[in-house]
A.B. asks: 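First, the structure itself, so that you have it in front of you.
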Amino acid sequence: MTATTIPSGSGIPSGPGKSASRWLHRHPRTRLIALIGAPATWMIVLYIGSLASLFLTSLYRLNDDGSGIDKVIGTQNYRTLIDQSVYLDIALRTVKIAVLVTLVDIVLALPIAFFIAKVVGGLWRRLLIASVLVPLWASYLVKAFSWRAIIGSPGGVLDKTFGVSPNYGEVGLIIVLAYLWLPYMIVPIYAGLERLPDSLLDASSDLGAHFGFTFRRVVLPLLFPSIVAGSVFTFSLSLGDYIAVDLVGGKTQVIGSVVYDNFSADLPFAAAFAVVPVIVMVAYILGIRRSGALENL
Amino acid sequence: MHFPRRVRMLFGGMTGLVLAFLYLPLAIIVVLSFNTVSSLSWPPKGFTLHWWQSAMHSTGARDALLVSLKTAAGATAIALVLGLLAALAVHRFKFFGRETLNLMIVLPIALPGIVTGIALNAAFRQAGFDLGLLTLIIAHATFCIVVLYNNLLARFRRLSPNLEEASADLGAHTFQTFRYVTFPLLRTALLAGGLLAFGLSFDEIVVTTFTSGAGLETLPIWIFKNLSRGDQQPIVTVVATAVMLLSVIPVWLAQRLTSGDGPLTGGTR
Amino acid sequence: MKNARYLGALVAMTLLAAACGDDKKSSGEALAAIGEGEKALNLVVWAGYAEDGSTYPEYDWVHPFQDQTGCVVKSKIAATSDEMFQLMGTGDYDGVSASGDASVRLIDAKLVDPVNTALIKNYADLSPFLKDQRYNSSDGKNYGIPHGWGANYLMWRTDVVTTAPDSWSVVFDKGSPYAGKVTAYDAPIYIADAALYLKTAQPDLGIEDPYSLNQAQFDASVALLKDQHSIIGEYWNDYTKTQGAFEQGSTVLGTTWQVIFNLATTNGAPLETVVPKEGATGWSDTWMVSSKAAHPNCMYMWMDYITSPAVQAQVAYYFGEAPANPKACDEINTQFADPTHCDVFKANDSAFAQSIAFWATPRKQCLNGKGSDCVPFSAWIKAWTEIKG
C-alpha cells in the first residue's frame, strides 16, 4: 500500500486518525498486536487455560471417603480408564454413534442443499433456507422430548401410526441426533454449493456427462471441504451429548453421560474421561486441516 | 441453471421429505401445546388454551427469557468484536502461531459442550469468581467467537483487495478505509454471523448448566426445570412454539439482507 | 520466538492459578441464637422444594417467607444428590435439602455444620422417626432438620403385568417376560436396592444393612444388577421421564415414587404399587446448613418456616411426599380439601417408616457401626458405570 500526500482541498479531513494511521503503517508489528491481542489473550487465558486446568484436575484423585479431592498428581484415573474395559466400550460406542449420525446427516443434507442452491432461485431459495434455519430456534430440549413421544414403543407416534418403532436405544438415538444436528450439516454444504460456479456444471453436461455422473465426479469432490466442515459439528455435538441420550437413548451410556454422572461425585475422574473426546476432536481437526474444511466452518 | 425434469423432481421430492422430517416433531410440539393432558404424550386428548394462558402469566418464563436475551446479546457483542479483530489479523498478517490461533478459536465449538462447561466451571471456581451473568456471558462468548470469525474470514477471502488499496490511493487513512470501505462490505457477514451466534447462545444448555450460578435461569434452564415437573410439561411446548414463531422474523430478515451481495464481494461466479 | 515465550508464560501462570486451591475455613459449630436476618439466602434444593410462584402462581411459599423475614431467597435446583454435593462444595450456598445419599458425605467433608435444633420451634412436632437418624446426625451431633420423606415403591401396569407381584424378584428376573420394559432408578445408590433384595433372597451373604456392605456382599449386588441390565428398558432419575413411559406403556414394571403413581393415574394409566415383602428403600430429605454459610440466620429462619404446618402442607401436597410435620395433615385438608394425603403417603405410619431403608451414603467406616471395611461410595459410583455398560 502506498500512501500519497493528500492534495489540499480534497475534502478528506486530517487529524489524529491520520497520524495514528501513519504511525501504525510504519509499525506493522504493533498493528498486529493491536488486532490479535484481545482475542488471543481471551482464548489463551480463558479457554486454553481452563482446558489445562481440567487436564490438571484429571491427574488428581478423590480421597477415600469421597469427601474431597486430593491434589496429588498421579495417573490413577487414566489407569482405571485403561484397565476397565467398560470405558473403552463406551468410548468406541460413542464414536460409532457419532460417525453414523454424521453419515446420516450427510445423506439427508446433500439433496436439500443442492436443491436450494442450484435448482431453485430467488424467493423459493430464501424461503427454503429460512425453513431450514427456523428449527434451530426451537428448543433443543423440547425437540428431544418431542422425539420421546415419537419413537416410544408401545404408545409413541410411530408405533401408533405404523405399528413399528425403534424405541429408546441406540437406533432411536442415532435418528434423533441426526435430526437435531441436520441444519448444522445443511448450512456449510449449502454455502459450498453456492460457491460452486454453475459454469462447471454446465461445462460438464456440455461435455456429455449425464447428471448422475456430474454429481458424483464433479460436485461431490468439490464439496468435500464443506462436507467435512459440517461433519465437525455433527461429530463433536454427538460425541459430547448426554441430554438427548438420556431422553431417547434408553439405557445406552455414552462418554457424555459418564462425564456428567461423575462430574459431581468424582471430578478428577470425569475430567480424565472428558480428555477422551478432546483428543478425538483435536486429532480429527488436525487431520482435516489439509482438506481446507476449516475455512468452511 | 437448467436441469432435466427428472432431476428436479427427484431432488424436489427428497427436499420435501427432509423438510417433513425436520418439521414433524415441531408440529407435534405445537399440537401438544394445546393438549389437555399434562404430560408430553401422543395422541392429544383434548384442546385447551390453558397452557398458553399459563405461559403468558408465567413470571419464571419471562425472567428466563430476559436472562437468555441478555446473555445472547452480551456474548454476541463480545464475539463480534473479538471475531472481527481475529479475522482481520489472520487475514492480513502472516505471523508465528497463526495456525495455532486458528485452531484455538475453533476449539470451543469443536469440543463437546460438556468439556467446555466443566473446564470453565473449574477455572472460574479456582480463580474465585462467583458464577453469575458475567461468567455466563464470558462462557457463551467463547464459543460464539468462532462463528463470527469464520464468517468474516470467508468474507475477507471473497473481497477483492483492490478496494482497500484504491481507498488508500485516494488518500484515506487506515481508520477511514475501514469505516467507509471495509466495514460496509462486512456488514452482512457480521449480521449473518451475529444472528447465528445469537441463536447458538440462546438455545445453549450444556455450558450454561455449568457456568450460571445460584438462581440464574436462562430459557433453556427454565425449560429443563419445567420438563422435570410431571404436570407442567406442556408449558414448555408453548414457549418453544412461541420462540420458533418469533424467530422467523430475524431469520427471514437475515436471509433478505445477506443474499444478493453482488459483484462487490468478488465471488467466484 | 517471543510469541512462544509469552504463550508459555501465560499458560504456566494459569496452571499455577489452577493449582492453588481456594480453602475457606468453616466454623464447625452450631448457631447459638438466631440473630438479625442477613437479607439474603442461597439454597440448593430439589425441584419443587422452594416454589416461588413462577411454576404455578398458587404454589408460592418463598414470597411469604421473604415478606416475613426480609431474606431474599435465591434457589438453585439440583437434579441429583451428586450435584448437590458438588454445589455445596463451592461454598456459595447457605443451605441444602439433602437426601441421605448426599447428607453423610456433606457431614464427612465438613461442608455442613451441626444444627441447633432448639432454635427451630417446630422441631418438637416433627415425626420422631426422622430425628437423629444416621443420615442426618453424626457423633451425637444433629446436622439437619427433616423436610419430608417417601418410599421407593414397586409399580406395574395392571393391563400388562396381570399377576400382582409381591417381591422385587420380578425386576431382577433375567428371564422376565417384560424384558425391555423394566425400569430402575438411575443412581449408584440403587445398588442398595439390590442388596436389600439379596438380604432376603440370599441370606447366607449375611447382608444386614444395604448401605453397609463388605466386598463380597457388594460384588454380589453388582453382579445381580449386571444381570438385571439385560431386561432394563430405561433407567430414570428424572421422574417425569418414567411417568411418561408408564403412561405410554414403554415401561410396565419397576421402581417409582408415590408422586409418579399419582400423576400417571390422573392421566389415565392403569397402575398399582406395592412395598414388596423384602422391604423398600426410601429417601428422607434434610435441610442442612453450610459450614461456609454467609447467611446463617436467614437459613435458620427458613428451616423454621419450612417445618411449620401450613408450609409443610403446601410442600408435601405439591411435591407428593409425606411431610415431616404430622400437623401438616390437617392443614392439607384445610388448604387443599384432601383428607387422604397423609394416609396415602403414610405420614403417620411410624412402623412403615422404620421398615424403610432410607438412603444413606456408604462409607468405609461402616454406617451400621460394625466394622471399617465397608465399600465406600466412590466404589459404588464406579460400579454403577460398569453396571450400565
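These numbers were taken from a predicted model, which means no experiment stands behind them. In what follows, chains are A, B, ... by sequence order, proteins preceding strands, each numbered from 1.
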A.B. asks: Let me know if V7(B) has heavy atoms under 4.5 Å from chain A in its side chain, its backbone, both or neither.
C.D. replies: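 Just the side chain, heavy atoms under 4.5 Å.
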A.B. asks: Starting at OG of S139(A), measure out to CH2 of W222(B) and round the result to the nearest 0.5 Å.
C.D. replies: 10.0 Å
A.B. asks: Identify which part of L128(A) has an atom lying under 4.5 Å from any heavy atom of chain B, answering side chain, backbone, both or neither.
C.D. replies: side chain
A.B. asks: What part of F224(B) gets within 4.5 angstrom of chain A, counting heavy atoms only: side chain, backbone, both, or neither?
C.D. replies: both
A.B. asks: Which atoms form the tightest heavy-atom contact between M104(B) and M43(A), and what is the distance?
C.D. replies: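 What the structure gives for the nearest pair is O-CE, 3.2 Å.
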A.B. asks: What closest approach, in Å, do W252(B) and L127(A) show between heavy atoms, and which atom pair accounts for it?
C.D. replies: CZ3-N, 3.8 Å
A.B. asks: Tell me, out of V243(B), L246(B), L196(B), I205(B), who's got the most heavy-atom pairs with chain A below 4.5 Å.
C.D. replies: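 Heavy-atom pair counts peak at I205(B).
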A.B. asks: Any side-chain heavy atom of L136(A) sitting closer than 4.5 Å to one from D203(B)?
C.D. replies: no
A.B. asks: Taking C-beta and beyond as the side chain, do L26(B) and K143(A) meet within less than 4.5 Å on heavy atoms?
C.D. replies: yes
A.B. asks: Determine, step by step, whether L182(A) and F21(B) satisfy the side chain to side chain contact (heavy atoms under 4.5 Å, CB included) criterion, reporting the C-alpha distance in whole Å, the side-chain angles of both residues, the deciding distance to 0.1 Å, and the verdict.
C.D. replies: CA-CA 10 Å; L182(A) 183 57; F21(B) 178 59; 4.2 Å; yes
A.B. asks: Contact between P277(A) and V115(B) at the side-chain level, heavy atoms closer than 4.5 Å - yes or no?
C.D. replies: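 Yes; the side chains approach each other to less than 4.5 Å.
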A.B. asks: Relative to the ring of Y260(A), is the ring of F210(B) parallel (under 30°), tilted (30 to 60°) or perpendicular (over 60°)?
C.D. replies: perpendicular
A.B. asks: Among A119(B), A122(B), A123(B), who wins on heavy-atom pairs under 4.5 Å with chain A?
C.D. replies: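 Of the candidates given, the most pairs with chain A belong to A119(B).
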A.B. asks: Quick check: do F93(B) and I36(A) have side-chain heavy atoms less than 4.5 Å from each other?
C.D. replies: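 Not in contact.
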A.B. asks: With the side chain counted from C-beta on, respond yes when L111(B) and Y47(A) share a heavy-atom pair under 4.5 Å apart, and no when they do not.
C.D. replies: yes
A.B. asks: Are L32(B) and S146(A) close enough that some pair of their side-chain heavy atoms sits under 4.5 Å apart?
C.D. replies: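 L32(B) does not reach S146(A) side chain to side chain.
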A.B. asks: Heavy-atom pairs under 4.5 Å with chain A: which of G113(B), A89(B), P161(B) has the most?
C.D. replies: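 Highest number of heavy-atom pairs under 4.5 Å: A89(B).
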A.B. asks: Search all heavy atoms of R8(B) against all heavy atoms of F115(A) and return the closest pair with its distance.
C.D. replies: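 Minimum heavy-atom separation between R8(B) and F115(A): O-CE1, 3.8 Å.
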A.B. asks: Count the heavy-atom pairs under 4.5 Å between each of V132(A), V157(A), L108(A) and chain B, then report the option with the highest count.
C.D. replies: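 Option with the greatest count: V157(A).
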A.B. asks: Less than 4.5 Å apart, any side-chain heavy atom of L141(A) and any of V236(B)?
C.D. replies: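 No, too far: nothing below the 4.5 Å cut-off.
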A.B. asks: Find out whether T237(B) and F145(A) are in side-chain contact, i.e. whether some heavy atom of one side chain is under 4.5 Å from a heavy atom of the other.
C.D. replies: no
A.B. asks: With a 4.5 Å cut-off on heavy-atom pairs, point out which of I129(A), V282(A), V259(A) contacts chain B the most.
C.D. replies: I129(A)
A.B. asks: Specify which of F263(A), Y140(A), F235(A) makes the most heavy-atom pairs with chain B at under 4.5 Å.
C.D. replies: F263(A)
A.B. asks: With only heavy atoms counted, which part of F273(A) is less than 4.5 Å from chain B, the side chain, the backbone, both or neither?
C.D. replies: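 Contact with chain B involves no heavy atom of F273(A) at all.
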A.B. asks: Which heavy atom of A110(B) sits nearest a heavy atom of I285(A), and at what distance?
C.D. replies: CB-CD1, 3.3 Å
A.B. asks: For I105(B), which atoms come within 4.5 Å of any heavy atom of chain A: side chain, backbone, both, or neither?
C.D. replies: both
A.B. asks: Report which part of L286(A) has an atom under 4.5 Å of a heavy atom belonging to chain B: side chain, backbone, both, or neither.
C.D. replies: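 For L286(A), the side chain is the part near chain B, not the backbone.
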A.B. asks: Looking at W42(A) and T142(B), what are the two nearest heavy atoms and their distance?
C.D. replies: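 Closest pair (atom of W42(A), atom of T142(B), distance): NE1-OG1, 3.3 Å.
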A.B. asks: Could you measure the distance from the CD1 atom of I28(B) to the CD1 atom of I150(A)? Nearest 0.5 Å is fine.
C.D. replies: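 Spacing of CD1 (I28(B)) from CD1 (I150(A)) equals 3.5 Å.
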A.B. asks: Among G152(A), A149(A), A138(A), which residue has the highest count of heavy-atom pairs closer than 4.5 Å to chain B?
C.D. replies: A138(A)
A.B. asks: Show, in sequence, the C-alpha distance, side-chain angles and deciding distance for F233(A) and I109(B), and conclude whether the side chain to side chain contact (heavy atoms under 4.5 Å, CB included) test is met.
C.D. replies: CA-CA 8 Å; F233(A) 283 117; I109(B) 218 165; 3.8 Å; yes
A.B. asks: For the interface with chain A, which of A240(B), G13(B), G117(B), P108(B) has the highest count of heavy-atom pairs at distances below 4.5 Å?
C.D. replies: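 Of A240(B), G13(B), G117(B), P108(B), P108(B) has the most heavy-atom pairs under 4.5 Å with chain A.
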A.B. asks: If you count heavy-atom pairs under 4.5 Å between each of L200(B), L120(B), T177(B), L101(B) and chain A, which one has the most?
C.D. replies: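 Answer, by heavy-atom pair count under 4.5 Å with chain A: L120(B).
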A.B. asks: Quick one: pull up CG in L245(B) and CH2 in W137(A) and give me the separation to the nearest 0.5 Å.
C.D. replies: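 Output value for this atom pair is 13.5 Å.
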A.B. asks: Do you know the tightest heavy-atom contact between P25(B) and W147(A)?
C.D. replies: CG-NE1, 3.4 Å
A.B. asks: Check for a donor-acceptor pair, side chain of Y23(B) on one end and backbone N or O of S131(A) on the other, with a separation under 3.5 Å.
C.D. replies: yes
A.B. asks: Might you confirm whether atom CZ of R98(B) has over 12 heavy atoms from other residues, nucleotides or ligands at distances under 6.0 Å?
C.D. replies: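 Count over threshold, so yes.
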A.B. asks: What's the spacing between T100(B) OG1 and I48(A) CD1 if we round to 0.5 Å?
C.D. replies: 9.5 Å
A.B. asks: Does any backbone or side-chain atom of F55(A) lie under 4.5 Å from a heavy atom of chain B? Answer side chain, backbone, both or neither.
C.D. replies: neither
A.B. asks: Based on non-hydrogen pairs under 4.5 Å, which of L107(B), L219(B), L17(B), V81(B) is most in contact with chain A?
C.D. replies: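 Winner by heavy-atom pair count: L107(B).
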A.B. asks: Is L10(B) in contact with chain A via its backbone, its side chain, both, or neither, using a 4.5 Å heavy-atom distance?
C.D. replies: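 Interface part for L10(B): neither.
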A.B. asks: For L51(A), is it the side chain, the backbone, both or neither that has a heavy atom under 4.5 Å from a heavy atom of chain B?
C.D. replies: both
A.B. asks: Ring centroids only, cut at 6.0 angstrom: are F3(B) and F215(A) within range, meaning strictly under it?
C.D. replies: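 F3(B) vs F215(A): aromatic centres not under 6.0 Å.
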A.B. asks: Given a strict heavy-atom distance threshold of 4.5 Å, which part of I112(A) is in contact with chain B: side chain, backbone, both, or neither?
C.D. replies: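 I112(A) touches chain B through backbone and side-chain heavy atoms alike.
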